[in-house]
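Residue numbers start at 1 and run along the sequence shown.
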Amino acid sequence: MALIVQKYGGSSVGTLDRIQHVASKIIKTKQQGHDVVVVVSAMQGETDRLIQLAHALTHEPDPREYDVLVATGEQVSMSLLAMALNSKNHRARSYTSLQLGIHTDDAHTKARILEVKTNKIHDDLSAGHIVIVAGFQGMNARGDITTLGRGGSDTTAVALAVALKADECQIYTDVDGVYTTDPHLLPEASLLPQISFEEMLEMASLGAKVLQMRSVELASKHNIPIRVLSTFTDNPGTLVTLEEKVMQKRLVSGIAFSREEALFSLVGVPNRMGIEGHILGQISQANIEVDMIAQSTSDKQTTDFTFTVQRKDQAKTLEIVEKLAKELGAASVKNHPHVAKLSLVGVGMRSHSGVATTMFNALGRDEITILMITTSDIKISVMIDESLLEKGVRAVHEAFELDKQITKSHIEA
């Protein structure tokens with residue numbers, strides 16, 4: 001017998017028929033002799049509906065009340081799922097974060113889990129019950145409801161798996177697992193049977209939406225294997241695990257991308273010591289997160305300073321940059337509000353040269369201009385015009401033959 005934590009996303013519990021289907025999958029796991037703890041998201045579209053209600057009243061909802069509102073979606077789906085299981089003669093009990101004791105810090109809308117109380121879960125499992133937990137939410141030291149940010153139910157599931165010392169954390173979604181890139185953008189993307197925590201963390205941080213980044217961090221830290229599966233098929237999915245346990249290592253595992261980028265350049269800034277820190281300090285004081293940074297210095301004692309931010313911060317950043325240009329005596333400000341980041345990820349890059357050359361040649365052949373480049377030991381990211389994103393993903397995907405199943409020629413030597 002194993003202890004399995006399963007998480008079902010919004011699309012999995014989006015209708016009453018789907019909730020009945022999920023109940024049947026849980027029962028199947030239970031009948032195999034396993035103890036089962038289930039985490040659920042809100043029904044598909046419900047969180048967005050609640051957010052729209054809040055913003056229809058005010059442009060800046062109070063963070064505490066915002067969390068109280070958006071956390072209600074999971075309470076609906078958890079109770080409906082428990083009802084479905086009970087109607088099938090399998091005893092189930094549902095819990096909110098307050099009832100269970102999922103403690104977080106005070107950061108409303110993006111809280112971090114500090115502690116998970118497990119005594120009620122252990123009591124219910126000992127009694128043969130299935131335990132259903134509302135994902136995405138917690139409570140701070142004052143007993144206020146907090147939420148964990150988009151995709152937070154993934155983190156709830158992994159945190160429960162860590163606290164319960166579960167054998168596996170299974171994340172059920174509407175795709176068969178982790179693909180070499182988003183199959184909605186590129187249907188020929190291939191399914192990865194395994195991927196390392198490090199690669200999955202990079203892909204999540206770079207725009208891949210299959211798992212929330214914090215959930216992967218937590219699983220990696222505590223060595224909790226995650227299996228990403230489809231709610232609607234019986235395929236084996238993708239196992240996210242330690243690098244040394246990945247049996248077949250590709251040179252490159254996948255391509256992640258993000259459309260939510262905006263690029264700024266301060267051109268012709270008189271060069272002086274500490275100018276970079278001054279520019280970034282003004283940006284960070286406005287709580288704007290900078291992603292990619294590039295700088296070039298000319299022989300005229302001036303520098304061009306280029307950086308990217310999330311597109312939602314576009315207007316606020318432009319206002320700050322224009323003030324900085326006047327203050328610093330910059331020649332001009334350039335703003336490209338519609339750029340996209342395309343990233344190549346793979347642990348094989350550590351021991352193989354020529355990956356960047358292959359990537360850049362592929363983009364060049366399709367006349368895609370690279371605006372910025374950043375690298376690490378297992379990733380290469382480029383910024384390109386958003387209108388060319390699909391073309392760029394396809395070109396790089398084909399260059400590394402990621403549309404093909406793993407064969408000996410694709411495995412790291």
Side-chain angles (χ1 to χ4, degrees), residues 1-44 46-47 71-102 113 116-139 145 147-148 152-174 215 224 226-232 234 237:
M1 188 196 311
L3 173 54
I4 306 294
V5 175
Q6 297 182 338
K7 177 260 177 176
Y8 291 91
S11 60
S12 300
V13 295
T15 66
L16 293 180
D17 284 344
R18 289 188 173 185
I19 288 173
Q20 292 281 17
H21 175 70
V22 166
S24 297
K25 289 186 77 76
I26 294 167
I27 290 169
K28 184 177 179 181
T29 304
K30 179 71 173 172
Q31 288 174 336
Q32 291 169 351
H34 303 309
D35 286 333
V36 189
V37 177
V38 179
V39 175
V40 290
S41 299
M43 296 174 74
Q44 190 170 37
E46 179 63 10
T47 302
T72 60
E74 283 70 20
Q75 190 167 337
V76 172
S77 54
M78 75 172 194
S79 55
L80 288 173
L81 181 56
M83 289 177 193
L85 287 163
N86 286 322
S87 72
K88 296 176 185 290
N89 298 315
H90 285 268
R91 299 303 301 167
R93 290 174 64 86
S94 63
Y95 293 96
T96 66
S97 59
L98 276 72
Q99 291 172 310
L100 196 61
I102 299 178
I113 295 174
V116 177
K117 300 289 188 182
T118 60
N119 54 312
K120 290 182 180 179
I121 295 177
H122 284 302
D123 289 346
D124 282 337
L125 293 177
S126 297
H129 295 161
I130 297 165
V131 178
I132 316 294
V133 180
F136 177 61
Q137 59 179 247
M139 67 173 180
I145 293 173
T147 62
L148 310 179
S153 294
D154 292 349
T155 301
T156 303
V158 174
L160 281 166
V162 170
L164 293 165
K165 297 181 172 59
D167 295 280
E168 188 171 276
C169 182
Q170 299 174 347
I171 306 293
Y172 284 88
T173 180
D174 57 359
S215 70
I224 296 291
I226 300 175
R227 191 173 295 276
V228 183
L229 303 133
S230 170
T231 304
F232 311 109
D234 292 322

**Q** Please round to the nearest 0.5 Å and tell me the distance separating atom CG of Asn86 and atom OG of Ser94.
**A**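 Reported to 0.5 Å precision, the distance equals 9.0 Å.
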
**Q** Are side-chain heavy atoms of Val38 and Tyr8 found at a separation under 4.5 Å?
**A**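 Result yes, sub-4.5 Å side-chain heavy-atom pair found.
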
**Q** Main chain of Thr147, side chain of Gln137: is a donor-acceptor contact present, judged purely on distance under 3.5 Å?
**A**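 Absent.
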
**Q** So does Gln20 have more than 12 non-hydrogen atoms from other groups sitting under 6.0 Å from CD?
**A**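 Correct, the count exceeds 12.
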
**Q** Distance check, rounded to the nearest 0.5 Å: Gln170 atom CD versus Leu229 atom CG?
**A**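 CG of Leu229 is found 5.5 Å from CD of Gln170.
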
**Q** Backbone N or O of Thr96 within a donor-acceptor pair of the Gln99 side chain at under 3.5 Å?
**A**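 Judged by distance alone, yes, a pair lies under 3.5 Å.
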
**Q** What's the shortest heavy-atom distance between Ala163 and Val116, and which atoms?
**A**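 For Ala163 versus Val116, the nearest heavy atoms are CB-CB, 3.9 Å.
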
**Q** Does Met43 reach the side chain of Leu80, with side-chain heavy atoms less than 4.5 Å apart?
**A**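 Yes; the side chains approach each other to less than 4.5 Å.
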
**Q** With a 4.5 Å limit on heavy-atom distance, are the side chains of Tyr95 and Met78 in contact?
**A**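 A side-chain contact is absent here, since even the closest heavy-atom pair is not under 4.5 Å.
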
**Q** Are any of the side-chain heavy atoms of Gln6 and Val37 separated by less than 4.5 Å?
**A**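 Not touching, per the 4.5 Å side-chain cut-off.
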
**Q** Sub-3.5 Å donor-acceptor pair from the side chain of Glu46 to the main-chain atoms of Gly73, do we have one?
**A**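 Absent.
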
**Q** Closest heavy-atom contact between Thr47 and Ala42?
**A**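 For Thr47 versus Ala42, the nearest heavy atoms are OG1-CB, 3.6 Å.
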
**Q** If you apply the rule side chain to side chain contact (heavy atoms under 4.5 Å, CB included), what do you find for Asp154 with Lys7, and how did you get there?
**A** CA-CA 7 Å; Asp154 292 349; Lys7 177 260 177 176; 2.9 Å; yes

**Q** Contact between Val36 and Leu3 at the side-chain level, heavy atoms closer than 4.5 Å - yes or no?
**A**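 No. Closest side-chain heavy atoms not under 4.5 Å.
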
**Q** Between Ile130 and His90, is any pair of side-chain heavy atoms under 4.5 Å apart?
**A**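 In short, these two side chains touch, coming nearer than 4.5 Å.
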
**Q** I'd like to know if the side chain of Asp124 and the backbone of His129 have a donor-acceptor N/O pair within less than 3.5 Å.
**A**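 No; zero donor-acceptor contacts below 3.5 Å.
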
**Q** Between Ser215 (side chain) and Val158 (backbone), is there a donor-acceptor pair under 3.5 Å?
**A**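 Between the backbone of Val158 and the side chain of Ser215 there is no qualifying donor-acceptor contact (under 3.5 Å).
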
**Q** Which heavy-atom pair separates Gly10 from Ser41 by the least distance, and what is that distance?
**A**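 Heavy-atom minimum between the residues: N-CB, 3.6 Å.
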
**Q** Decide yes or no on side chain to side chain contact (heavy atoms under 4.5 Å, CB included) for Cys169 and Ile171, but give the supporting numbers first.
**A** CA-CA 7 Å; Cys169 182; Ile171 306 293; 3.9 Å; yes

**Q** So how far is it from Leu160 CG to Thr118 OG1, rounded to the nearest 0.5 Å?
**A**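 Rounded to the nearest 0.5 Å, the CG-OG1 separation comes to 9.0 Å.
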
**Q** Is there a side-chain contact between Lys88 and Ile27 (heavy atoms, below 4.5 Å)?
**A**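 Result yes, sub-4.5 Å side-chain heavy-atom pair found.
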
**Q** Looking at CD1 of Ile224 and NZ of Lys165, how far apart are the two atoms once the value is rounded to the nearest 0.5 Å?
**A**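 Those atoms lie 9.0 Å apart.
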
**Q** How long is the gap from OG1 on Thr15 to NE2 on His21, to the nearest 0.5 Å?
**A**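 Result: 10.5 Å between the selected atoms.
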
**Q** Mind checking what makes salt bridge (Lys or Arg N to Asp or Glu O under 4.0 Å) contact with Asp234, not counting sequence neighbours?
**A**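 Residues passing salt bridge (Lys or Arg N to Asp or Glu O under 4.0 Å) with Asp234: Lys25.
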
**Q** Got a second to check how far Arg93's CZ is from Ile121's CD1, nearest 0.5 Å?
**A**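 It comes to 12.0 Å.
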
**Q** Hey, are the side chains of Ile4 and Asp35 touching, using non-hydrogen atoms and a 4.5 Å cut-off?
**A**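 When only atoms from C-beta onward are counted, Asp35 and Ile4 do not touch, as no gap falls below 4.5 Å.
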
**Q** Could you tell me whether the side chains of Thr231 and Ser12 share a donor-acceptor contact shorter than 3.5 Å?
**A**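 Present: a donor and an acceptor within the cut-off.
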
